[in-house]
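To keep things clear, I will list the structure first and then write my remarks on it.
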Number of protein chains: 2
Amino acid sequence: MPHSPSGETVTSRALRVLATFSAQRRELTLSDLARLTGLPLTTTHRLVGELATWGALERDEQGLYRIGLRLWEIAALAPRSVGLREAALPFLEDLYEATHENVHLAVRDGDEALYVERISGRHAVSVVSRVGGRLPLHATGVGLVLLAYADVEVQERVMAGPLRRFTDRTVTSPPELRRLLAEVRRTRTAISPGYLENNALSVAAPVWGPAGDVVAALSIVVPISRAPGPFLPAVTAAARGVSRALGARL
Amino acid sequence: MPHSPSGETVTSRALRVLATFSAQRRELTLSDLARLTGLPLTTTHRLVGELATWGALERDEQGLYRIGLRLWEIAALAPRSVGLREAALPFLEDLYEATHENVHLAVRDGDEALYVERISGRHAVSVVSRVGGRLPLHATGVGLVLLAYADVEVQERVMAGPLRRFTDRTVTSPPELRRLLAEVRRTRTAISPGYLENNALSVAAPVWGPAGDVVAALSIVVPISRAPGPFLPAVTAAARGVSRALGARL
DNA sequence: GCGGCCTCTTCCGTTGAGCGGAAGGCAACC
DNA sequence: GGTTGCCTTCCGCTCAACGGAAGAGGCCGC
(Lines give C-alpha, C1' and ligand atoms only; values in the text may rest on other atoms or scores of the structure.)
Protein backbone atom coordinates (compact mmCIF):
# COMPACT_ATOMS: atom_id res chain seq x y z
CA MET A 1 0.00 0.00 0.00
CA PRO A 2 1.55 3.24 -1.03
CA HIS A 3 2.25 6.19 1.18
CA SER A 4 2.23 6.56 4.90
CA PRO A 5 -1.05 5.40 6.39
CA SER A 6 -0.71 8.01 9.15
CA GLY A 7 0.06 10.79 6.73
CA GLU A 8 3.42 11.27 8.37
CA THR A 9 6.01 12.96 6.18
CA VAL A 10 9.20 11.40 4.97
CA THR A 11 11.30 14.01 6.77
CA SER A 12 9.54 13.31 10.03
CA ARG A 13 10.17 9.60 9.64
CA ALA A 14 13.83 10.08 8.85
CA LEU A 15 14.27 12.30 11.89
CA ARG A 16 12.49 9.80 14.09
CA VAL A 17 14.95 7.16 12.97
CA LEU A 18 17.80 9.39 14.11
CA ALA A 19 16.02 10.13 17.36
CA THR A 20 15.86 6.43 18.16
CA PHE A 21 19.46 6.50 19.34
CA SER A 22 20.10 7.35 22.97
CA ALA A 23 22.85 7.34 25.54
CA GLN A 24 21.75 3.83 26.46
CA ARG A 25 21.51 2.66 22.85
CA ARG A 26 24.24 4.12 20.70
CA GLU A 27 24.27 1.22 18.29
CA LEU A 28 21.20 -0.41 16.78
CA THR A 29 20.45 -3.02 14.13
CA LEU A 30 18.06 -2.42 11.25
CA SER A 31 15.45 -4.52 13.01
CA ASP A 32 15.97 -2.55 16.23
CA LEU A 33 15.33 0.67 14.33
CA ALA A 34 12.20 -0.73 12.72
CA ARG A 35 10.83 -1.97 16.04
CA LEU A 36 11.64 1.18 17.97
CA THR A 37 10.20 3.52 15.33
CA GLY A 38 7.23 1.31 14.51
CA LEU A 39 8.04 1.57 10.81
CA PRO A 40 7.82 -1.43 8.45
CA LEU A 41 11.15 -3.13 7.88
CA THR A 42 11.25 -2.20 4.20
CA THR A 43 10.57 1.44 4.90
CA THR A 44 13.18 1.52 7.64
CA HIS A 45 15.68 -0.13 5.34
CA ARG A 46 15.18 2.52 2.70
CA LEU A 47 15.31 5.49 5.09
CA VAL A 48 18.30 4.13 7.00
CA GLY A 49 20.09 3.49 3.73
CA GLU A 50 19.67 7.13 2.74
CA LEU A 51 20.81 8.42 6.10
CA ALA A 52 23.86 6.16 5.94
CA THR A 53 24.70 7.21 2.39
CA TRP A 54 24.75 10.86 3.46
CA GLY A 55 26.70 10.16 6.65
CA ALA A 56 24.06 10.84 9.26
CA LEU A 57 24.38 7.18 10.20
CA GLU A 58 27.32 4.81 9.95
CA ARG A 59 27.01 1.06 9.52
CA ASP A 60 29.75 -1.32 10.62
CA GLU A 61 30.56 -4.73 9.22
CA GLN A 62 28.29 -6.45 11.72
CA GLY A 63 25.34 -4.41 10.55
CA LEU A 64 25.20 -2.14 13.58
CA TYR A 65 24.22 1.46 12.95
CA ARG A 66 25.57 4.44 14.85
CA ILE A 67 25.16 8.18 14.57
CA GLY A 68 27.64 9.33 11.93
CA LEU A 69 30.32 11.96 12.01
CA ARG A 70 28.75 13.94 9.21
CA LEU A 71 25.70 14.66 11.34
CA TRP A 72 27.88 15.77 14.21
CA GLU A 73 29.87 17.98 11.90
CA ILE A 74 26.72 19.82 10.81
CA ALA A 75 25.34 19.88 14.35
CA ALA A 76 28.59 21.37 15.61
CA LEU A 77 27.52 24.56 13.84
CA ALA A 78 24.71 25.06 16.35
CA PRO A 79 25.39 28.41 18.07
CA ARG A 80 23.74 27.26 21.26
CA SER A 81 26.02 24.25 21.66
CA VAL A 82 29.50 24.25 20.19
CA GLY A 83 29.36 27.95 19.47
CA LEU A 84 28.60 28.72 23.10
CA ARG A 85 31.19 26.23 24.21
CA GLU A 86 33.91 27.88 22.15
CA ALA A 87 33.29 31.21 23.82
CA ALA A 88 33.16 29.64 27.25
CA LEU A 89 36.04 27.19 27.11
CA PRO A 90 38.85 29.47 28.35
CA PHE A 91 36.82 30.30 31.47
CA LEU A 92 35.79 26.71 31.99
CA GLU A 93 39.42 25.65 31.72
CA ASP A 94 40.45 28.30 34.24
CA LEU A 95 37.84 27.10 36.68
CA TYR A 96 38.84 23.50 36.11
CA GLU A 97 42.53 24.17 36.62
CA ALA A 98 41.84 26.10 39.79
CA THR A 99 39.78 23.32 41.30
CA HIS A 100 40.12 20.06 39.35
CA GLU A 101 36.47 19.42 40.08
CA ASN A 102 33.58 18.87 37.66
CA VAL A 103 32.79 21.95 35.58
CA HIS A 104 29.54 22.21 33.63
CA LEU A 105 27.98 24.49 31.05
CA ALA A 106 24.29 23.98 30.28
CA VAL A 107 21.46 25.67 28.43
CA ARG A 108 17.73 25.39 28.95
CA ASP A 109 15.86 23.45 26.33
CA GLY A 110 12.17 23.17 27.07
CA ASP A 111 11.87 22.09 30.67
CA GLU A 112 15.30 20.56 31.00
CA ALA A 113 18.96 21.49 31.27
CA LEU A 114 20.97 20.35 28.26
CA TYR A 115 24.68 19.98 28.93
CA VAL A 116 26.89 21.50 26.24
CA GLU A 117 30.16 21.12 28.07
CA ARG A 118 31.60 19.10 30.90
CA ILE A 119 35.15 18.94 32.16
CA SER A 120 35.83 16.43 34.89
CA GLY A 121 39.02 15.74 36.74
CA ARG A 122 40.17 12.21 37.38
CA HIS A 123 39.54 12.55 41.06
CA ALA A 124 36.43 14.69 40.90
CA VAL A 125 33.27 13.32 42.45
CA SER A 126 31.42 11.10 40.01
CA VAL A 127 28.44 12.83 38.38
CA VAL A 128 25.76 11.61 36.00
CA SER A 129 25.79 14.53 33.60
CA ARG A 130 26.82 13.94 30.01
CA VAL A 131 27.64 16.26 27.12
CA GLY A 132 24.51 16.16 24.97
CA GLY A 133 22.51 14.79 27.89
CA ARG A 134 19.59 16.36 29.71
CA LEU A 135 18.83 16.66 33.40
CA PRO A 136 15.88 18.23 35.22
CA LEU A 137 15.86 21.93 35.99
CA HIS A 138 14.67 21.68 39.58
CA ALA A 139 17.29 19.21 40.76
CA THR A 140 20.53 20.62 39.35
CA GLY A 141 22.53 23.76 40.06
CA VAL A 142 22.60 24.87 36.44
CA GLY A 143 18.94 23.95 36.17
CA LEU A 144 17.92 26.13 39.09
CA VAL A 145 19.75 29.07 37.55
CA LEU A 146 18.18 28.49 34.14
CA LEU A 147 14.74 28.15 35.68
CA ALA A 148 15.11 31.19 37.93
CA TYR A 149 15.72 33.41 34.92
CA ALA A 150 13.29 31.69 32.55
CA ASP A 151 10.00 33.25 31.49
CA VAL A 152 7.26 32.91 34.08
CA GLU A 153 5.38 30.51 31.79
CA VAL A 154 8.30 28.10 31.90
CA GLN A 155 8.53 28.38 35.68
CA GLU A 156 4.82 27.78 36.10
CA ARG A 157 4.89 24.81 33.76
CA VAL A 158 7.78 23.19 35.60
CA MET A 159 6.14 23.75 38.97
CA ALA A 160 2.81 22.49 37.69
CA GLY A 161 4.39 19.29 36.44
CA PRO A 162 5.65 16.49 38.65
CA LEU A 163 8.85 17.48 40.44
CA ARG A 164 10.64 14.16 40.52
CA ARG A 165 12.44 13.20 43.70
CA PHE A 166 15.99 11.94 43.22
CA THR A 167 17.28 12.04 46.81
CA ASP A 168 15.83 12.87 50.21
CA ARG A 169 16.99 16.42 49.61
CA THR A 170 15.34 16.99 46.25
CA VAL A 171 12.97 19.97 46.33
CA THR A 172 9.60 18.62 45.21
CA SER A 173 7.25 21.19 46.75
CA PRO A 174 6.26 24.03 44.37
CA PRO A 175 6.20 26.70 47.11
CA GLU A 176 9.60 25.63 48.30
CA LEU A 177 10.95 25.67 44.75
CA ARG A 178 9.50 29.13 44.25
CA ARG A 179 11.33 30.38 47.33
CA LEU A 180 14.51 28.72 46.16
CA LEU A 181 14.26 30.43 42.76
CA ALA A 182 13.74 33.80 44.43
CA GLU A 183 16.89 33.19 46.45
CA VAL A 184 18.78 32.26 43.27
CA ARG A 185 17.72 35.55 41.69
CA ARG A 186 18.64 37.47 44.84
CA THR A 187 22.11 36.01 45.17
CA ARG A 188 22.62 35.35 41.45
CA THR A 189 23.91 31.90 42.30
CA ALA A 190 22.42 28.49 42.95
CA ILE A 191 23.66 26.00 45.45
CA SER A 192 22.36 22.48 45.00
CA PRO A 193 23.42 20.19 47.87
CA GLY A 194 22.51 16.58 47.10
CA TYR A 195 19.35 17.46 45.14
CA LEU A 196 20.21 15.07 42.30
CA GLU A 197 22.87 12.81 43.82
CA ASN A 198 23.48 12.28 47.50
CA ASN A 199 27.21 12.84 47.37
CA ALA A 200 27.37 15.85 45.05
CA LEU A 201 27.07 19.56 45.79
CA SER A 202 26.77 21.99 42.91
CA VAL A 203 27.47 25.73 42.76
CA ALA A 204 26.10 27.49 39.69
CA ALA A 205 25.91 31.00 38.23
CA PRO A 206 24.11 32.57 35.26
CA VAL A 207 25.73 33.33 31.92
CA TRP A 208 24.22 36.48 30.41
CA GLY A 209 23.75 37.16 26.75
CA PRO A 210 24.05 40.46 24.89
CA ALA A 211 20.29 41.02 25.10
CA GLY A 212 20.34 40.94 28.90
CA ASP A 213 18.86 37.48 29.14
CA VAL A 214 20.37 34.38 30.72
CA VAL A 215 21.52 32.13 27.89
CA ALA A 216 23.34 29.44 29.88
CA ALA A 217 24.47 28.44 33.34
CA LEU A 218 27.87 27.45 34.52
CA SER A 219 28.61 25.31 37.55
CA ILE A 220 31.09 23.37 39.54
CA VAL A 221 30.21 20.09 41.26
CA VAL A 222 32.13 18.98 44.32
CA PRO A 223 31.70 16.35 47.07
CA ILE A 224 28.88 17.20 49.41
CA SER A 225 31.31 17.33 52.31
CA ARG A 226 32.76 20.54 50.87
CA ALA A 227 31.48 23.97 51.89
CA PRO A 228 30.12 25.91 48.90
CA GLY A 229 31.34 29.34 50.04
CA PRO A 230 34.95 29.11 48.85
CA PHE A 231 33.79 28.17 45.33
CA LEU A 232 31.37 31.06 44.87
CA PRO A 233 33.88 33.71 43.78
CA ALA A 234 35.52 31.48 41.18
CA VAL A 235 32.22 30.25 39.72
CA THR A 236 30.79 33.76 39.58
CA ALA A 237 33.96 35.12 38.00
CA ALA A 238 33.99 32.39 35.38
CA ALA A 239 30.33 32.96 34.55
CA ARG A 240 30.87 36.70 34.24
CA GLY A 241 33.85 36.07 32.02
CA VAL A 242 31.79 33.93 29.69
CA SER A 243 29.06 36.57 29.74
CA ARG A 244 31.48 39.27 28.65
CA ALA A 245 32.88 37.01 25.97
CA LEU A 246 29.33 36.69 24.65
CA GLY A 247 28.90 40.44 24.56
CA ALA A 248 26.86 40.95 27.70
CA ARG A 249 27.11 44.33 29.37
CA LEU A 250 27.52 43.57 33.04
CA MET B 1 4.55 19.91 -11.30
CA PRO B 2 4.70 17.08 -8.81
CA HIS B 3 7.72 15.36 -7.50
CA SER B 4 11.33 16.23 -7.83
CA PRO B 5 12.31 16.72 -11.45
CA SER B 6 15.72 15.22 -10.66
CA GLY B 7 14.22 12.25 -8.87
CA GLU B 8 15.93 13.30 -5.68
CA THR B 9 14.43 11.92 -2.49
CA VAL B 10 12.85 14.00 0.22
CA THR B 11 15.38 12.78 2.77
CA SER B 12 18.25 13.81 0.55
CA ARG B 13 16.75 17.25 0.12
CA ALA B 14 16.21 17.74 3.82
CA LEU B 15 19.79 16.72 4.56
CA ARG B 16 21.06 19.07 1.88
CA VAL B 17 19.23 21.91 3.59
CA LEU B 18 21.05 21.09 6.82
CA ALA B 19 24.34 20.83 4.97
CA THR B 20 23.94 24.36 3.66
CA PHE B 21 25.15 25.76 6.96
CA SER B 22 28.87 26.25 7.39
CA ALA B 23 31.37 27.86 9.69
CA GLN B 24 31.13 30.97 7.55
CA ARG B 25 27.33 30.91 7.42
CA ARG B 26 25.79 29.79 10.66
CA GLU B 27 22.59 31.72 10.15
CA LEU B 28 20.59 31.81 6.94
CA THR B 29 17.25 33.18 5.75
CA LEU B 30 14.67 31.05 3.98
CA SER B 31 15.64 32.65 0.69
CA ASP B 32 19.32 31.96 1.40
CA LEU B 33 18.51 28.30 1.94
CA ALA B 34 16.49 28.12 -1.27
CA ARG B 35 19.23 29.81 -3.29
CA LEU B 36 22.06 27.76 -1.82
CA THR B 37 20.27 24.44 -2.25
CA GLY B 38 18.74 25.30 -5.61
CA LEU B 39 15.34 24.22 -4.35
CA PRO B 40 12.16 26.21 -5.15
CA LEU B 41 11.14 28.59 -2.40
CA THR B 42 7.94 26.68 -1.66
CA THR B 43 9.75 23.39 -1.34
CA THR B 44 12.41 24.91 0.87
CA HIS B 45 9.72 26.51 3.03
CA ARG B 46 8.06 23.17 3.60
CA LEU B 47 11.25 21.24 4.33
CA VAL B 48 12.67 23.95 6.58
CA GLY B 49 9.39 24.11 8.46
CA GLU B 50 9.57 20.43 9.22
CA LEU B 51 13.20 20.59 10.30
CA ALA B 52 12.39 23.53 12.56
CA THR B 53 9.37 21.82 14.08
CA TRP B 54 11.53 18.86 15.05
CA GLY B 55 14.39 21.01 16.36
CA ALA B 56 17.03 20.33 13.73
CA LEU B 57 16.78 24.01 12.87
CA GLU B 58 15.85 26.99 15.02
CA ARG B 59 14.26 30.15 13.68
CA ASP B 60 14.61 33.48 15.47
CA GLU B 61 12.21 36.41 15.43
CA GLN B 62 14.00 38.00 12.50
CA GLY B 63 13.49 34.89 10.40
CA LEU B 64 17.06 33.68 10.58
CA TYR B 65 17.59 29.94 10.76
CA ARG B 66 20.37 28.20 12.68
CA ILE B 67 21.26 24.63 13.42
CA GLY B 68 19.13 23.56 16.41
CA LEU B 69 20.11 22.06 19.72
CA ARG B 70 18.01 18.97 19.11
CA LEU B 71 20.20 18.00 16.16
CA TRP B 72 23.34 18.50 18.21
CA GLU B 73 21.87 16.44 21.03
CA ILE B 74 21.34 13.49 18.67
CA ALA B 75 24.67 14.02 16.95
CA ALA B 76 26.40 14.03 20.33
CA LEU B 77 25.67 10.30 20.45
CA ALA B 78 28.17 9.71 17.65
CA PRO B 79 30.85 7.40 19.06
CA ARG B 80 33.49 8.82 16.77
CA SER B 81 32.98 12.38 18.00
CA VAL B 82 31.68 13.04 21.49
CA GLY B 83 32.15 9.43 22.51
CA LEU B 84 35.81 9.56 21.58
CA ARG B 85 36.15 12.94 23.17
CA GLU B 86 34.77 11.69 26.48
CA ALA B 87 37.37 8.97 26.68
CA ALA B 88 40.14 11.34 25.66
CA LEU B 89 39.33 14.39 27.72
CA PRO B 90 41.28 13.57 30.90
CA PHE B 91 44.45 13.07 28.86
CA LEU B 92 43.83 16.15 26.77
CA GLU B 93 43.33 18.16 29.95
CA ASP B 94 46.56 16.80 31.40
CA LEU B 95 48.45 17.77 28.27
CA TYR B 96 46.82 21.18 28.25
CA GLU B 97 47.63 21.88 31.90
CA ALA B 98 51.21 20.81 31.43
CA THR B 99 51.73 23.11 28.46
CA HIS B 100 48.87 25.61 28.07
CA GLU B 101 49.27 25.28 24.36
CA ASN B 102 46.75 24.19 21.74
CA VAL B 103 45.70 20.56 22.11
CA HIS B 104 43.84 18.74 19.33
CA LEU B 105 42.06 15.46 18.82
CA ALA B 106 41.06 14.55 15.27
CA VAL B 107 39.75 11.61 13.27
CA ARG B 108 40.07 10.83 9.60
CA ASP B 109 36.92 11.26 7.57
CA GLY B 110 37.44 10.60 3.90
CA ASP B 111 40.53 12.49 2.84
CA GLU B 112 40.47 15.04 5.63
CA ALA B 113 41.10 15.42 9.34
CA LEU B 114 37.93 16.22 11.28
CA TYR B 115 38.56 17.92 14.64
CA VAL B 116 36.52 16.45 17.48
CA GLU B 117 38.22 18.34 20.27
CA ARG B 118 40.32 21.42 20.72
CA ILE B 119 41.58 23.04 23.90
CA SER B 120 43.42 26.31 23.48
CA GLY B 121 45.00 28.47 26.10
CA ARG B 122 44.58 32.20 26.09
CA HIS B 123 48.18 32.74 25.14
CA ALA B 124 48.61 29.78 22.84
CA VAL B 125 49.58 30.47 19.26
CA SER B 126 46.54 31.21 17.14
CA VAL B 127 45.44 28.24 15.02
CA VAL B 128 42.74 27.86 12.38
CA SER B 129 41.35 24.53 13.56
CA ARG B 130 37.76 24.36 14.79
CA VAL B 131 35.76 21.69 16.58
CA GLY B 132 33.61 20.19 13.83
CA GLY B 133 35.93 21.64 11.21
CA ARG B 134 38.06 19.84 8.65
CA LEU B 135 41.64 20.37 7.57
CA PRO B 136 43.79 18.55 5.02
CA LEU B 137 45.65 15.40 5.98
CA HIS B 138 48.97 16.25 4.35
CA ALA B 139 49.40 19.64 5.99
CA THR B 140 48.58 18.98 9.63
CA GLY B 141 50.26 16.97 12.36
CA VAL B 142 47.16 14.96 13.17
CA GLY B 143 46.52 14.58 9.47
CA LEU B 144 49.93 13.11 8.79
CA VAL B 145 49.42 10.57 11.56
CA LEU B 146 45.96 9.65 10.31
CA LEU B 147 47.25 9.32 6.76
CA ALA B 148 50.33 7.32 7.72
CA TYR B 149 48.16 4.63 9.32
CA ALA B 150 45.31 4.76 6.81
CA ASP B 151 44.69 2.04 4.25
CA VAL B 152 46.97 2.19 1.26
CA GLU B 153 44.02 3.14 -0.96
CA VAL B 154 43.46 6.28 1.08
CA GLN B 155 47.14 7.17 0.94
CA GLU B 156 47.27 6.66 -2.82
CA ARG B 157 44.14 8.70 -3.32
CA VAL B 158 45.46 11.60 -1.28
CA MET B 159 48.81 11.53 -3.05
CA ALA B 160 47.13 11.28 -6.44
CA GLY B 161 45.00 14.33 -5.72
CA PRO B 162 46.30 17.88 -5.62
CA LEU B 163 48.37 18.49 -2.50
CA ARG B 164 47.45 22.06 -1.78
CA ARG B 165 50.24 24.41 -0.70
CA PHE B 166 49.47 26.53 2.35
CA THR B 167 52.95 27.85 3.17
CA ASP B 168 56.41 27.60 1.65
CA ARG B 169 56.96 24.59 3.87
CA THR B 170 53.89 22.58 2.84
CA VAL B 171 54.80 19.17 1.45
CA THR B 172 53.25 19.02 -2.02
CA SER B 173 55.44 16.39 -3.67
CA PRO B 174 54.03 12.83 -3.49
CA PRO B 175 57.45 11.17 -3.14
CA GLU B 176 58.35 13.55 -0.33
CA LEU B 177 55.02 12.93 1.36
CA ARG B 178 55.57 9.18 1.06
CA ARG B 179 58.93 9.51 2.78
CA LEU B 180 57.38 11.68 5.47
CA LEU B 181 54.65 9.10 6.12
CA ALA B 182 57.26 6.36 6.41
CA GLU B 183 59.07 8.48 8.99
CA VAL B 184 55.81 8.99 10.89
CA ARG B 185 55.30 5.22 11.04
CA ARG B 186 58.91 4.65 12.09
CA THR B 187 58.87 7.19 14.92
CA ARG B 188 55.13 6.90 15.66
CA THR B 189 54.90 10.66 15.78
CA ALA B 190 54.45 13.46 13.29
CA ILE B 191 56.10 16.82 13.44
CA SER B 192 54.56 19.47 11.25
CA PRO B 193 56.60 22.69 11.24
CA GLY B 194 54.77 25.45 9.41
CA TYR B 195 53.08 23.11 6.91
CA LEU B 196 49.66 24.75 7.37
CA GLU B 197 50.46 28.06 9.06
CA ASN B 198 53.83 29.77 9.04
CA ASN B 199 53.97 30.38 12.76
CA ALA B 200 52.68 27.06 14.08
CA LEU B 201 54.53 23.82 14.78
CA SER B 202 52.54 20.69 15.55
CA VAL B 203 53.57 17.50 17.29
CA ALA B 204 51.15 14.60 16.88
CA ALA B 205 50.84 10.95 17.89
CA PRO B 206 48.43 8.12 17.00
CA VAL B 207 45.53 6.99 19.15
CA TRP B 208 45.04 3.23 18.82
CA GLY B 209 41.72 1.43 19.00
CA PRO B 210 40.99 -2.00 20.47
CA ALA B 211 41.28 -3.60 17.03
CA GLY B 212 44.86 -2.44 16.63
CA ASP B 213 43.99 0.29 14.17
CA VAL B 214 44.57 4.02 14.51
CA VAL B 215 41.23 5.62 15.28
CA ALA B 216 42.34 9.19 15.98
CA ALA B 217 45.36 11.43 16.35
CA LEU B 218 46.25 13.73 19.17
CA SER B 219 48.50 16.76 18.87
CA ILE B 220 49.85 19.85 20.45
CA VAL B 221 50.45 23.04 18.45
CA VAL B 222 53.08 25.53 19.59
CA PRO B 223 54.87 28.54 18.09
CA ILE B 224 57.29 27.55 15.37
CA SER B 225 60.14 29.01 17.37
CA ARG B 226 59.81 26.15 19.85
CA ALA B 227 61.80 22.94 19.51
CA PRO B 228 59.51 19.89 19.15
CA GLY B 229 61.67 17.48 21.16
CA PRO B 230 60.58 18.48 24.66
CA PHE B 231 56.90 18.00 23.73
CA LEU B 232 57.29 14.49 22.32
CA PRO B 233 57.13 12.56 25.59
CA ALA B 234 54.01 14.35 26.81
CA VAL B 235 52.17 14.03 23.50
CA THR B 236 53.08 10.37 23.18
CA ALA B 237 52.07 9.66 26.75
CA ALA B 238 48.74 11.41 26.32
CA ALA B 239 48.04 9.52 23.10
CA ARG B 240 48.91 6.20 24.76
CA GLY B 241 46.67 7.08 27.66
CA VAL B 242 43.75 7.72 25.34
CA SER B 243 44.56 4.48 23.51
CA ARG B 244 44.37 2.48 26.73
CA ALA B 245 41.19 4.20 27.71
CA LEU B 246 39.74 3.03 24.41
CA GLY B 247 40.79 -0.54 25.10
CA ALA B 248 43.88 -0.76 22.94
CA ARG B 249 46.51 -3.27 23.98
CA LEU B 250 49.77 -1.41 23.71
C1' DG C 1 22.82 -32.30 8.98
C1' DC C 2 18.49 -30.24 9.25
C1' DG C 3 14.65 -27.43 10.55
C1' DG C 4 13.24 -23.28 12.72
C1' DC C 5 13.82 -18.60 13.51
C1' DC C 6 15.43 -14.12 12.69
C1' DT C 7 17.65 -10.50 10.03
C1' DC C 8 18.20 -8.25 5.94
C1' DT C 9 17.56 -7.46 0.92
C1' DT C 10 15.07 -7.02 -3.33
C1' DC C 11 10.96 -6.68 -6.05
C1' DC C 12 6.98 -4.24 -7.66
C1' DG C 13 1.96 -2.73 -8.04
C1' DT C 14 -0.35 1.00 -6.01
C1' DT C 15 -1.37 5.83 -4.70
C1' DG C 16 -1.42 10.20 -1.96
C1' DA C 17 2.48 13.04 -0.11
C1' DG C 18 5.27 15.98 -2.30
C1' DC C 19 5.82 18.94 -5.98
C1' DG C 20 6.47 24.05 -7.24
C1' DG C 21 4.26 27.93 -9.91
C1' DA C 22 1.03 31.38 -8.97
C1' DA C 23 -0.95 34.62 -6.12
C1' DG C 24 -0.98 37.46 -2.34
C1' DG C 25 0.39 39.52 2.36
C1' DC C 26 3.81 42.14 4.60
C1' DA C 27 7.72 45.09 5.51
C1' DA C 28 11.39 48.01 4.15
C1' DC C 29 12.98 51.47 1.24
C1' DC C 30 12.84 55.44 -1.86
C1' DG D 1 2.29 55.60 -3.32
C1' DG D 2 5.22 52.63 -5.85
C1' DT D 3 8.82 49.23 -5.93
C1' DT D 4 11.30 45.39 -4.33
C1' DG D 5 12.11 41.35 -1.87
C1' DC D 6 10.85 37.95 1.49
C1' DC D 7 7.68 34.75 3.12
C1' DT D 8 3.22 32.24 3.21
C1' DT D 9 -0.66 29.79 1.32
C1' DC D 10 -3.14 27.44 -2.27
C1' DC D 11 -3.94 23.51 -5.21
C1' DG D 12 -3.93 20.46 -9.50
C1' DC D 13 -0.91 16.97 -10.86
C1' DT D 14 2.06 12.73 -10.60
C1' DC D 15 5.84 9.70 -9.49
C1' DA D 16 8.60 8.83 -5.12
C1' DA D 17 7.35 6.43 -1.39
C1' DC D 18 4.82 2.89 0.31
C1' DG D 19 5.18 -1.91 2.53
C1' DG D 20 3.78 -6.85 1.80
C1' DA D 21 5.69 -10.75 -0.28
C1' DA D 22 9.36 -13.58 -1.37
C1' DG D 23 13.80 -15.12 -0.80
C1' DA D 24 18.86 -15.31 0.75
C1' DG D 25 21.77 -16.00 4.49
C1' DG D 26 23.26 -16.84 9.17
C1' DC D 27 22.68 -18.66 13.72
C1' DC D 28 21.11 -21.99 16.94
C1' DG D 29 19.05 -26.06 18.95
C1' DC D 30 18.16 -30.82 18.31
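Worth saying up front: this structure is predicted, and the values here are computed from it rather than measured. Residue numbers start from 1 in every chain, and the chains themselves are labelled A, B, ... in the order their sequence lines are given, proteins ahead of strands.
What separates CD of Glu50(B) from P of dG18(C) is a distance of 6 Å, to the nearest Å. His45(B) places its NE2 atom 15 Å from the C1' atom of dA23(C), with the value rounded to the nearest Å. Remark: P of dG18(C) and CG of Leu47(B) are 9 Å apart, rounded to the nearest angstrom. In this structure, CG of Leu39(B) is placed 15 Å from P of dC7(D), rounded to the nearest angstrom. The distance from atom CD of Glu61(A) to atom P of dG25(D) is 19 Å, rounded to the nearest whole Å. With rounding to whole Å, Leu51(B) atom CG is found 12 Å from dG18(C) atom P. Whole-Å rounding puts the Asp32(A) CG to dC8(C) C1' distance at 13 Å.
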side-chain contact (heavy atoms from CB on, under 4.5 Å) for Arg16(A) and Leu39(A)? Distances and angles first, verdict last. CA-CA 10 Å; Arg16(A) 277 211 295 115; Leu39(A) 295 169; 3.8 Å; yes
Could you go step by step and tell me if Val154(B) and Asp111(B) meet the side-chain contact (heavy atoms from CB on, under 4.5 Å) rule? CA-CA 7 Å; Val154(B) 176; Asp111(B) 298 348; 4.1 Å; yes
Applying side-chain contact (heavy atoms from CB on, under 4.5 Å) to Val107(A) and Val215(A), what does each step give before you reach the verdict? CA-CA 6 Å; Val107(A) 299; Val215(A) 298; over 6 Å; no
Stepwise side-chain contact (heavy atoms from CB on, under 4.5 Å) check, Leu163(A) with Val158(A): CA-CA 8 Å; Leu163(A) 296 171; Val158(A) 167; 4.0 Å; yes
Derivation and outcome, salt bridge (Lys or Arg N to Asp or Glu O under 4.0 Å), residues Glu117(B) and Arg85(A): CA-CA 11 Å; Glu117(B) 183 57 284; Arg85(A) 170 194 185 274; 2.4 Å; yes
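Applying the 4.0 Å criterion to OP1 and OP2 of dC12(C), one finds that Arg46(A) has every side-chain N and O outside that range.
With respect to the salt-bridge test (charged N to carboxylate O, under 4.0 angstrom), the residues Arg134(B) and Glu73(A) qualify. Salt bridge Glu93(B)/Arg122(A): absent, no basic N to carboxylate O contact under 4.0 Å.
When all heavy atoms of Val184(A) and Leu144(A) are compared, the pair lying nearest together is CG1-O, 4.2 Å. Nearest heavy atom pair, residue Ala148(B) against residue Arg185(B), reads O-NH1, 2.8 Å.
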Hey, what are the protein-to-nucleotides 27-30 of chain C N/O distances that come in under 3.5 Å?
none

Taking only N/O atoms, report every protein-nucleotides 4-7 of chain C pair under 3.5 Å with atom names and distance.
unit_1 : atom_1 : unit_2   : atom_2 : d
dT7(C) : OP1    : Arg35(A) : NH1    : 3.3
dT7(C) : O5'    : Ser31(A) : OG     : 3.4

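Geometric assessment of Arg80(A) against the ring of Trp72(B) yields a negative cation-pi assignment under the 6.0 Å and 45° thresholds.
When the shell of 6.0 Å around CZ of Arg164(B) is examined, it contains 12 or fewer heavy atoms from other residues, nucleotides or ligands.
Contacts of residues 8-17 of chain B with DNA chain D (heavy atom under 4.0 Å): Thr9(B), Val10(B).
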